[in-house]
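Have a look at the structure below, then the notes.
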Amino acid sequence: MYTALESILSIASLITIGFILAQRRWFDEKSLNLIVKLIMQVSLPALMINTILTNFTNKQFLASINGLIIPILSILLCYLVAILISKFLNIDIKKRGLFVSLFFNSNTIFMGMPINEAIFGDKSIPYVLLYYIANTIFFWTFGVYEISKDGTSNHENILSLKPLKNVISPPFMGFVTAIIILILNISLPKWIMDTCKYLGSLTTPLSMIFVGATIYSTEIKDFYINKEIIGVLIGRFFISPIILILLTLGRDINELMRNVFVIQAAMPVMTNSAIISKKYNSDYKFASVMIAISTIASLFIVPLYSSILTMK
């Protein structure tokens with residue numbers, strides 16, 4: 001568990017570095033926009049390709065497709081619950097979509113992978129990636145769609161042309177490209193894979209530095225506990241994992257897979273949420289605050305779930 005906590009503290013440290021650099025006036029609006037563009041158009045697509053092709057083979061992927069059913073169903077149900085709760089709490093229309101996206105999407109790679117590996121070992125990685133695939137599909141479709149419509153008076157159907165243009169972003173295309181390459185069993189040259197690896201490794205530190213810089217510019221009142229913050233925390237740490245647990249009750253399911261899925265469902269909010277919010281002019285400061293708060297909260301919540309799941 002100490003290794004799992006170290007993963008969380010690493011994310012918190014990167015956020016702190018971003019905060020300190022902003023305090024020292026390293027960033028202005030132009031430089032923050034450059035970070036967003038670099039992540040969205042360069043490092044994230046490379047990360048998608050490297051992660052999928054490095055950790056899956058064609059046979060492994062095709063053989064594990066059945067395992068996608070549970071995370072897909074759980075995330076879909078959590079998405080529907082998020083919409084209902086956002087309306088029940090009367091969340092401000094200018095950040096309702098962001099609230100929904102933060103509620104049902106989790107940080108499955110930057111924190112989910114190292115934490116599950118620390119708790120369950122290397123044998124957990126295939127299941128980590130199964131949940132990651134489901135979470136990625138939902139984030140870059142419904143999650144991005146919800147964020148992109150924030151503040152607009154005319155909410156278009158997700159299947160209409162404009163929302164689809166927002167969803168078909170470079171990171172999503174990187175993900176789709178990786179899946180196609182995997183299914184076709186194409187081997188990319190080592191130099192291409194190494195390039196994707198190096199570029200993809202920029203994603204986490206740049207995203208966290210952006211979050212830290214954004215938190216610095218956020219007014220202290222935004223850190224006060226309010227209904228939006230409480231709603232997202234309940235969604236991330238209670239409703240999401242509970243839905244998954246309920247879906248596995250009475251099913252003949254691999255215990256390790258179930259445990260990994262529960263931990264993945266209880267991860268903090270997606271670190272990419274702040275970047276996407278900035279791109280689509282949503283409340284990216286709220287997203288940054290939620291990344292920080294949910295990361296700190298996970299220091300206490302994740303060990304609790306880990307203790308329960310590994311209890312004999």
>> For Lys37, I'd like to know if atom NZ has over 12 heavy atoms of other residues, nucleotides or ligands within 6.0 Å.
In response: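 No.
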
Any chance you could measure [X], atom [atom1], to [Y], atom [atom2], to the nearest 0.5 Å?
X      : Y      : atom1 : atom2 : answer
Ser74  : Ile243 : OG    : CD1   : 7.5 Å
Leu244 : Ile242 : CG    : CD1   : 11.0 Å
Asn254 : Thr248 : CG    : OG1   : 11.5 Å
Leu76  : Ile137 : CG    : CD1   : 12.0 Å
Asp92  : Phe99  : CG    : CZ    : 12.0 Å
Cys78  : Asn135 : SG    : CG    : 10.0 Å

Closest contact, heavy atoms only, [X] versus [Y]:
X      : Y      : value
Ser31  : Trp26  : OG-O, 4.3 Å
Phe237 : Ser298 : CZ-N, 3.9 Å
Ile49  : Gly174 : CG1-O, 3.5 Å
Leu256 : Tyr127 : CD2-CE1, 3.8 Å
Pro205 : Leu14  : CA-CD1, 4.1 Å
Tyr131 : Pro71  : CD1-CB, 3.5 Å

Would you say the side chain of [Y] lies within less than 4.5 Å of the side chain of [X], judging by non-hydrogen atoms?
X      : Y      : result
Ile70  : Arg258 : no
Met193 : Leu53  : yes
Met290 : Leu98  : no
Val232 : Ser294 : no
Val128 : Thr108 : no
Lys30  : Leu34  : no
Tyr216 : Leu21  : no
Val269 : Arg236 : yes

> Taking atom types as modelled, is there a side-chain donor on Ser282 or Ser277 under 3.5 Å from an acceptor on the other?
Replying inline: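 Their side chains do not contain a donor-acceptor pair, so the 3.5 Å distance test is not met.
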
>> Between Tyr79 and Glu146, is there a side-chain donor-acceptor contact under 3.5 Å, judged purely by atom types and distance?
In response: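 A donor-acceptor contact under 3.5 Å links the two side chains.
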
Is the backbone of [Y] close enough, under 3.5 Å, to the side chain of [X] for a donor and an acceptor to pair up by distance?
X      : Y      : value
Thr51  : Met48  : no
Asn58  : Leu182 : yes
Asp283 : Phe286 : yes
Ser101 : Gly97  : no
Ser106 : Gln264 : yes
Lys278 : Val36  : no
Thr54  : Asn50  : yes
Ser306 : Val302 : no
Ser273 : Ala287 : no
Asn105 : Phe138 : no

Cluster overlap [X] with [Y], hydrophobic side-chain contacts below 4.5 Å:
X      : Y      : answer
Leu84  : Leu89  : no
Trp140 : Val176 : yes
Leu73  : Val260 : yes
Leu77  : Ile234 : yes
Tyr198 : Met208 : no

> Which class fits the ring pair Phe210 and Tyr284: parallel under 30°, tilted 30 to 60°, perpendicular over 60°?
Replying inline: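 The rings of Phe210 and Tyr284 sit tilted, inter-plane angle from 30° to 60°.
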
>> Would Lys190 and Asp194 count as a salt bridge (Lys or Arg N to Asp or Glu O under 4.0 Å) here? Give the steps.
In response: CA-CA 6 Å; Lys190 184 177 183 299; Asp194 285 346; 2.6 Å; yes

>> Before you tell me yes or no, could you show the steps for Ile85 and Ile239 under side chain to side chain contact (heavy atoms under 4.5 Å, CB included), namely the whole-Å CA-CA distance, both residues' side-chain angles and the distance that decides it to 0.1 Å?
In response: CA-CA 11 Å; Ile85 290 180; Ile239 293 178; 3.7 Å; yes

> What do the steps show when you test Thr195 against Trp191 for side chain to side chain contact (heavy atoms under 4.5 Å, CB included), and what is the final call?
Replying inline: CA-CA 6 Å; Thr195 301; Trp191 67 268; 4.2 Å; yes

> What's the verdict on side chain to side chain contact (heavy atoms under 4.5 Å, CB included) for Arg96 and Lys149, showing C-alpha distance, side-chain angles and the deciding distance?
Replying inline: CA-CA 9 Å; Arg96 182 174 296 177; Lys149 72 181 186 181; over 6 Å; no

> Is there a side chain to side chain contact (heavy atoms under 4.5 Å, CB included) between Ile133 and Phe175 once you walk through the steps?
Replying inline: CA-CA 9 Å; Ile133 289 173; Phe175 173 77; 3.9 Å; yes

